[in-house]
Amino acid sequence: MVLKAFTFKFRFNWTLFLSLLCLFRIALHSEGKIPNIPKEAVGFPLPYYSPVTGTFAEIRNHNLHLGSDFKSYGLNGHSILATFDGYVEEINYSKIGYGLSLNFYNPKYKIKSKYAHLHTFEGELTDLELLRKALFLMGEKEGFSLKLPMGMFPAKKGMPIGKTGESGSGISHLHLEFRTEKGIVNPLYFPDLHQKDVTPPTITSLLIEAESLNKPLQFFAKEISKGKYQLVGENGEEIGPISVLGKVKIRLSGYDLIRSRNKNNVYGMDLIQNGSKIFERHFDFLSFEEGSKKHQFYDINRSSLSPPVYFYHLYDQSKNWNEEGYSIHLTSDTLNQEIKMEAGLLDATGNRSSVEFKIKNQLPQKSESIVKQQTGKKISSLDRILSFDVSQNESTGNGFVSIQVFEPTDSLPFQVPKGLLLKSKVYQITSQNFTWKGEGAGEFNASPPASTKDSLYFWDESIRKFSTIRQKRKGNGFQFFLAKLGYIMIFEDRSPPSIAPMTALARHIELPEVRNHCFEDRYYVLSDTGTGFKSTVELLIDGQFYPYEYDPDRTAIHVSLPKSLYKEKPYLLLEVRAFDYAGNESEPYLDLIATSGWKNDPYASCPLIE
């Protein structure tokens, strides 16, 4: 009651209050969670200044990326270095996930660095590598986790303690994490690791949802000077004041280039209203719980891992799915007022990009051409062909999902890929003021019934490209599972798969000191624009079937040839034929391999290993 009286008697400055609250949250968030280790005491994990190819808190399929990935240029066997003084606390191995990894601990500051996807533990800790070999000889190739006695394997900052590799998930790279008792620290928090970046992040678009809007508004960002952007429409026209009323959600899309071509996650973001900062977030630290709560930071139905597209919430979203956040609340007290807004993205070095726009506190004009569509959480298209259900998913927002139907002759935002034939109407799944977790379940009842060459295809509206959709045949059509927004249709696949030799910076994927010199390794990449290629191929050498392995990380066929074959044949003719799920077959790919150069290799007489 006292608070109500106070509020009535005095005009409360909400802008100032929100600014102070924002700063308080930032201070509270960081205080006591990041160890007080001197920043200069943490060093770079590699002997060369490698670009970052994956950053902290990037969105992943099931959680957030809790470290930084460092480029190894497609080669295994680079030395990894101790990032500070300490000792090896734990070693682990699994065929998926982190692969071969080690935890390196500093007891003074209670911080550990985790190195993952390693090749070996070769370095100055010779006994540690002997221990790894012993565990493998004991039959622990399926996996192990071993805590080591305190101080058994000590190392000083900069000492080599292992080799980079590609064990577990992914191709050659080093994954590095910094962990404390309370959570995970962004590696780019430390100056020696944040890459001396001079380029501000890139802003791509801004998305606004409000109670007063029929559908979300998405505007594109055009750079007008370094780090400065303006909003434009699809045809490049400038955007004037945006009319909205009530609770407004603002999301900003963008990425950061950090000395590489990779579109990385940014380090932070902010929102300014009439010159006062009302929201700010830094990805310097995440609690262990936050690492699995990606919906707190991203619009997960519009954000993407591959290709990377990040839609950041410019508001605090609760960990609880049932609680809804928003950026600003426009009430009838300030009708027709224009509000100056500025949204920004930041990198770890301190570079900032921003886009300015205006919001007008008024009801938007209703569109005169609203298309009739079905809405809800368990819905069907008006023609009953497509249904989609997210009623059982965890969700936030009091809005809905909708389906809009397009004829093949209608104007669509994509072109039909070469070799595919559109066999159905096109159905757009979108949402208004609603986000769901995980995959929603749907059915596409094809009419006429789908043939063996037909398959479902999905055009992702956030990345503006076709992407995979999990599906299986059911009756005359398909059952599908979807976590994104976009367009669904049926194509007939008339396009055969293709085969090409893998091109990289080097002919080998290992450095000489860790390479098996007894064999010549060849990789052949498979691709398909249709239903997808099968990982089983027909591979012949000189007309005889020859064994191979499928490398899922490279989507390539891996062939190992004993170098001792030079004694028998000066040339080998390799032939590969690929197949897709629609029954299409590729033209044979031929590779004439000269073996004459192998005879000068001192390892060409390696004995055959049974």
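Scope of the values below: all heavy atoms of this structure, side chains included, with no hydrogens, waters or symmetry mates.
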Between [X] and [Y], is there a donor-acceptor pair closer than 3.5 Å when you use the side chain of the first and the backbone of the second?
X: Lys39; Y: Asp192; answer: no
X: Asp69; Y: Gly54; answer: no
X: Lys294; Y: Ile300; answer: no
X: Asp551; Y: Thr555; answer: no
X: His117; Y: Ser167; answer: yes
X: His313; Y: His295; answer: yes
X: Thr204; Y: Ser253; answer: yes
X: Trp436; Y: Gly438; answer: yes
X: Tyr548; Y: Val537; answer: yes
X: Asn393; Y: Ser395; answer: no

We want to know whether [X] and [Y] form a side-chain donor-acceptor pair, criterion being a heavy-atom distance below 3.5 angstrom.
X: Thr55; Y: Ser68; value: no
X: Ser495; Y: Thr529; value: yes
X: Ser462; Y: Ser304; value: no
X: Gln471; Y: Ser455; value: yes
X: Ser292; Y: Asn63; value: no
X: Thr53; Y: Asn262; value: no

Is it true that the NZ or CZ of [X] lies under 6.0 Å from the centre of [Y]'s six-membered ring and within 45 degrees of the ring axis?
X: Lys222; Y: Tyr229; result: no
X: Lys182; Y: Phe288; result: no
X: Arg470; Y: Phe481; result: yes
X: Arg281; Y: Phe279; result: no

Strictly below 4.0 Å, N to O, side chains only: are [X] and [Y] in salt-bridge contact?
X: Asp580; Y: Lys534; value: no
X: Asp299; Y: Arg251; value: yes
X: Glu290; Y: Lys293; value: no
X: Lys277; Y: Glu342; value: no
X: Asp270; Y: Arg352; value: yes
X: Lys163; Y: Glu122; value: no
X: Glu89; Y: Lys112; value: yes
X: Glu166; Y: Arg554; value: yes

Determine the interplanar angle of the [X] and [Y] rings, folded into 0 to 90°, and report it as parallel if under 30°, tilted if 30 to 60°, perpendicular if over 60°.
X: Phe466; Y: Phe414; answer: perpendicular
X: Phe136; Y: Phe144; answer: perpendicular
X: His175; Y: His65; answer: perpendicular
X: Tyr267; Y: His282; answer: tilted

[atom2] on [Y] to [atom1] on [X], rounded to 0.5 Å:
X: Glu177; Y: Asn103; atom1: CD; atom2: CG; result: 8.5 Å
X: Ile429; Y: Ile488; atom1: CD1; atom2: CD1; result: 4.0 Å
X: Leu46; Y: His78; atom1: CG; atom2: NE2; result: 8.0 Å
X: Thr199; Y: Ile258; atom1: OG1; atom2: CD1; result: 10.0 Å
X: Met152; Y: Leu125; atom1: CE; atom2: CG; result: 12.0 Å
X: Asn92; Y: Lys147; atom1: CG; atom2: NZ; result: 8.0 Å

Closest non-hydrogen atom pair, [X] against [Y]:
X: Glu58; Y: Tyr298; answer: CA-OH, 3.8 Å
X: Val88; Y: Leu102; answer: CG1-CB, 4.4 Å
X: Ile59; Y: Leu305; answer: O-CD1, 3.5 Å
X: Pro187; Y: Leu193; answer: O-CB, 3.5 Å
X: Tyr255; Y: Leu345; answer: N-CD1, 4.4 Å
X: Ser72; Y: Tyr48; answer: CA-OH, 3.3 Å

Taking side chain to side chain donor-acceptor pair (under 3.5 Å) as the definition, give me every residue that meets it alongside Asp256, ordered by chain and number, with sequence neighbours left out.
none

Tell me every residue that passes side chain to side chain donor-acceptor pair (under 3.5 Å) with Ser353, counting only those two or more places apart in sequence or in another chain.
none

What pairs with [X] under ring-ring contact (aromatic ring centres under 6.0 Å, His included), at least two apart in sequence or on another chain?
X: Phe153; result: none
X: Tyr49; result: Phe44
X: Phe283; result: Phe297
X: Phe56; result: none

Given Ser560 and Glu520, is the side-chain hydrogen bond (donor to acceptor under 3.5 Å, both in side chains) satisfied, shown in steps?
CA-CA 6 Å; Ser560 288; Glu520 175 77 7; over 6 Å; no

Centroid-centroid distance, His558 to Tyr524, less than 6.0 Å
no

Taking the six-membered ring for Trp, is the centroid-to-centroid distance between Phe190 and Phe178 below 6.0 Å?
yes

So with a 6.0 Å cut-off around [atom1] of [X], is the heavy-atom count from everything else above 12?
X: Ile96; atom1: CD1; answer: no
X: Glu223; atom1: CD; answer: yes
X: Lys263; atom1: NZ; answer: no

Walk me through it: do Leu135 and Tyr93 pass the test side-chain contact (heavy atoms from CB on, under 4.5 Å)?
CA-CA 10 Å; Leu135 288 169; Tyr93 176 73; over 6 Å; no

Salt bridge (Lys or Arg N to Asp or Glu O under 4.0 Å) between Lys465 and Asp460, intermediate numbers included
CA-CA 6 Å; Lys465 291 182 179 180; Asp460 189 325; over 6 Å; no

